[in-house]
Amino acid sequence: MNRTHAPILPWYEDMAAGSGGLEPRAWYAGSDAGRLSLNGEWRFWLSPGATAEDESFARPGFDASGWGTVAVPGHWVLQGVGGAPAYTNVAYPFPVDPPRVPTENPTGDHLRIFDRPAGWAGDSEVVLRFDGVESCARVWLNGRELGDFKGSRLPHEFTVGGLLRAEGNVLAVRVHQWSSGSYLEDQDQWWLPGIFRDVTLLERPPGAPRDFFVHAGYDHRHGSGTLRVECDGAEGRVVLPGLGVDAATGETVTVPVEPWTAETPRLYDGELVTTGERIPLRVGFRTVAVEDGVIRVNGRRVLFRGVNRHEFHPETGRAVDAATMRRDLVLMKQHNINAVRTSHYPPHPAFLDLCDELGLWVVDECDLETHGFAGLEWRDNPADDERWTPALLDRAARMVERDKNHASVIIWSLGNECGSGRGLTAMARWIRGRDPERLVHYEGDPSCRDVDLYSRMYPDHAEVESIGRRTEAPLSDAESDARRRAMPFVMCEYGHAMGNGPGGLAEYQRLFEQYERCQGGFVWEWIDHGLVHPEHGFAYGGDFGEELHDSNFVCDGLLFPDRTPSPGLIEYKKVIEPVRIEPTAGTGAGPGTVRISNGYDFAGLEHLDFEWSYEVDGAPAGSGTLDVPELAPGASAEVELPLRGEGVWTVRAVLARSTAWGERGHVVAWGQAEAGAAVAPTAAVGGRPERNGRVITLGAGVFDAATGALVRLGTVPVVGLRLDVWRAPTDNDNGAAWQPDERYGPRWRELGLHRMRHRIDAVEVGEDALAVRARVAPAGVGPGLRTVYRWTSDGARLGLAVSVVPEGEWRVPLPRLGIRFGLPAAYGRARWFGGGPGEAYPDTRAASVLGWWRMPVDAMQTPYVRPQENGARADVRWAELTDGSGAGVRAEGGEPFWFTARRWTSEQLDAAEHVPELRAGETVWVNLDHAVQGIGSQSCGPGVLPEYRLDAKDTEFSFVFSAPG
Ligand code: GAL
């Protein structure tokens, strides 16, 4: 008889969440005396598979002297002891056959020897806590098995008191890279096994509570807070000296308080005093609810200016130290961000303490994603399979119990991209039962049956607008449709920050301001997950030899991997600024005014000073402070500016006093106005071109007589000056394969815009001009650009007027339209009057500050992890490139132009896969663009809005070149 037997699965492959552990409870650090950190160097042995039955390593006396070591917390694949990181977005990196995992299942055995702290009372219970282990662990103490667990970014505890010895305790932990839990952890990120969060031993004296739950609401009508602390397993008192509260646990007290909000994170320090333990409390009073289809906190509508934050450090992966956590939050606050979605798992618990303290709204998301089942039409999806429901409920409980005492957490999220199903419904039901005082979020089920808010990722502006009007396309079921249509709306992800971009943020913000229902969103995502790499600088998918990977889709953050802000973050800060400053300095006829609007949800403007400054030709021409009247949230006032004249006005709202996240003087918001119109340069006409053998001279210009190419401008050699339409496609130009709309990056390449040919049809030496006629077109296709370069001079300065007439059918927009030329490497210092200091594109230019800027060409580059078009400066009136002596080239635009300079060509930029491949050459390449194509966010979202498309059409533009002034 030929019969196959279903295998009896080992613990790591069965669907159970774990065994032997304690019930989840609220997390707190524990007292210094009652805590022993087991972080540090552990003995480590890596096996290629999980099949070994051998557990001898867990026995006391095992000789581990031949083993290596790893740092805990950490991922062994980042510590040079074997294995490698692997990146996939949606796909599981193993065959999908739940709950089975591959035989090649890297297994890390970890050993740590420790002594019991001498001061701990003999009758205390002791608990061993793991804050995060990927993907599962089996644990032994002194040779006795404690149990096992799955749920990588969730805490797991064991009671160990009876097993502890005074000295030489042996803690053994076996970690498998893959387990049934891996099917529930298919988040878009690196797969990084290991004990990556703290391991701690905690003393639990007799009479210490098992758990506690702080309920602290705020009644905005009466200005009162209501406090009740439930205490499980002990009786005690709740003491908040600042409020004069001294109440029994379980008792409800009502007192006048200042509420907690993300803008005003007022916390009251206190204690939960029980016979066994004094637990520190930091209580923030706030009430969150959906009322009239709007999320309200303390009775007021809130607007989420949010980001999605993964835990990431370029050297240590998801093992993130306390200083880095604080740095993330300080950077967020400094950039006007007021909300975090903890995509896609509960963060390190200490992160939420910091959110309470610094003030961020938190969407706490469960460690759950089964996205890889999407490719199987969601067949066997664990989120809709009752056999998995206990594991899902275990995850929900571990998150809620751990984090329930944080004022900052106002929304629980069931997980990310799990389709829909019974398991999710069960989680939502359990969460509501346990904590009815917060809202429930989940994006992946369009019916919204389990949630309190309608959430979407990456809808385009038009759809957001229709949702804002509550006129979105209906669900087929009328009842569900009516329910959903009445819900508030957030975008749990939008503004995909991959590479250059995202474009179109300002247009979303206008919709949030216009429609009460649209309560903002969370940009995807906070930081690029580029891992430090000896050759590539920062590595992405494929750089570790993965057989299946998703390339640089893992680098899509507002911060570069080293946490320097990218232009996307600077733009976002400006777009979401909580104060609008709109000067109307006008033409200089009279004193201008400035309209100041308070865009906070709760705060006044007392914490800000308003400073004005005024510049003429790059020189300060006045500055001072504005008197701004007290403005409630939503209110605005018109304030007079004190001076008049032609120049550039800037008004800034700055912190009046230093705070926990910003120094006094830190700029929160700003506005600018130019008094007097931008003046075009006077024409450079009157001079005559002269032919002298092989060259033509015209004023300071020297041209090759055969080709009409400019070869020298005064003393400066010039190469390759000609029409340029190409840019190294951005991640947003390339778009994601699943995007429904046309993706221009691939279309441009198909058309050959990266290999344009320049045919010279005529070099005409006229009375007052040199005209060079050309046709610019790629090989193999018909369409082209008829181009005339018309050079004139007034004797010294050189004028260039370019006219472009498209021929044939141009179905795609142009990447850029302007001229490019090369100067010797010595001309590497840039100065300009226009937008700066950083890059800007048509739909990412809100943060571009009009001013007089100077910096080396090297500093004009934006180091996107995968090199691509970058570094354009917007609205430039004139630009200069000079050498150390001040000699060089100045270009003034007939109209404001886009200025880019780099030490490599767009073609070299396009060819590079990593930043270290870009090497400075002999030439500084300069682009002066009449227009450039917008950026959009098609790497995972909508493309460029129609108003930012650069369609090929008849165009003329001009520059005047001279020696720098
Ligand atoms: C979303 C997903 C994120 C990330 C993002 C694209 O669909 O929730 O985890 O993959 O797209 O970067």
Side-chain angles (χ1 to χ4, degrees), residues 86-93 152-153 182 184-192 306-312 318 340-347 363-375 378 381 383 411 413-420 424 441-446 451 455-460 463 490-503 505 521-530 540-541 548-559 561 566 568 730-732 734-740 743 864-866 936-943:
Y87 166 57
T88 58
N89 170 13
V90 177
Y92 288 100
S152 298
R153 299 105 198 176
S182 306
L184 307 181
E185 296 173 7
D186 189 28
Q187 293 95 343
D188 173 6
Q189 58 180 350
W190 295 101
W191 297 92
L192 297 173
V307 284
N308 281 279
R309 175 181 177 273
H310 265 289
E311 305 213 290
F312 185 75
R318 283 188 285 280
V340 193
R341 173 176 177 236
T342 69
S343 55
H344 297 303
Y345 40 81
V363 178
D364 195 355
E365 187 151 278
C366 198
D367 190 5
L368 182 64
E369 174 160 343
T370 63
H371 203 178
F373 287 86
W378 296 106
N381 178 16
I411 299 176
S413 176
L414 304 180
N416 185 56
E417 298 185 316
C418 296
S420 57
L424 295 162
H441 167 273
Y442 176 65
E443 182 271 348
D445 182 353
V451 298
S455 173
R456 290 288 308 279
M457 39 176 88
Y458 312 108
D460 64 24
E463 190 180 351
V490 299
M491 285 190 277
C492 67
E493 296 178 27
Y494 81 115
H496 197 249
M498 184 180 183
N500 187 334
L505 289 175
F522 298 78
V523 163
W524 186 266
E525 68 175 303
W526 176 238
I527 184 168
D528 286 340
H529 309 207
Y540 49 80
L548 201 64
H549 67 82
D550 289 288
S551 187
N552 66 317
F553 204 64
V554 77
C555 292
D556 51 4
L558 295 171
L559 296 180
S566 80
T730 64
D731 294 318
N732 286 314
N734 288 334
W738 62 81
Q739 295 295 351
R743 298 181 293 129
Y864 293 114
V865 173
R866 186 190 70 82
S937 64
Q938 220 183 357
S939 59
C940 190

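Numbering of ligands and ligand atoms starts at 1, following listing order. Each residue takes its place number in the sequence, starting with 1.
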For [X], counting its heavy atoms only, list the atoms of ligand 1 lying under 4.0 Å from any of them.
{"X": "Met457", "answer": "1 (C), 7 (O), 8 (O)"}
{"X": "Asn416", "answer": "2 (C), 8 (O), 9 (O)"}
{"X": "Asn89", "answer": "10 (O)"}
{"X": "Phe553", "answer": "6 (C), 12 (O)"}

[atom]: the protein heavy-atom neighbour that sits closest, reported with distance to 0.1 Å:
{"atom": "atom 12 (O) of ligand 1", "result": "His496 NE2, 2.7 Å"}
{"atom": "atom 7 (O) of ligand 1", "result": "Glu417 OE2, 2.6 Å"}
{"atom": "atom 1 (C) of ligand 1", "result": "Glu493 OE1, 2.8 Å"}
{"atom": "atom 10 (O) of ligand 1", "result": "Asp188 OD2, 2.4 Å"}

Whether Glu185 side chain and Ser152 backbone form a donor-acceptor pair below 3.5 Å: yes

Measure the acute angle between the ring planes of Trp378 and His371, then classify it against the limits of 30° and 60° as parallel, tilted or perpendicular. parallel

Which word best sums up how the rings of His529 and His310 line up, parallel for under 30°, tilted for 30 to 60°, or perpendicular for over 60°? perpendicular

N/O of [X] under 3.5 Å from N/O of ligand 1, yes or no?
{"X": "Glu369", "answer": "no"}
{"X": "His344", "answer": "yes"}
{"X": "Trp524", "answer": "yes"}

Looking at Glu463 and Arg456, does any basic side-chain N land under 4.0 Å from a carboxylate oxygen? yes

Is it true that [Y] and [X] share a donor-acceptor pair across their side chains at a distance under 3.5 Å?
{"X": "Ser939", "Y": "Asn732", "answer": "yes"}
{"X": "Tyr540", "Y": "Asp550", "answer": "no"}
{"X": "Glu443", "Y": "Ser455", "answer": "no"}

Evaluate Tyr458 against Trp738 for ring-ring contact (aromatic ring centres under 6.0 Å, His included), listing each step before the verdict. CA-CA 13 Å; Tyr458 312 108; Trp738 62 81; 9.0 Å; no

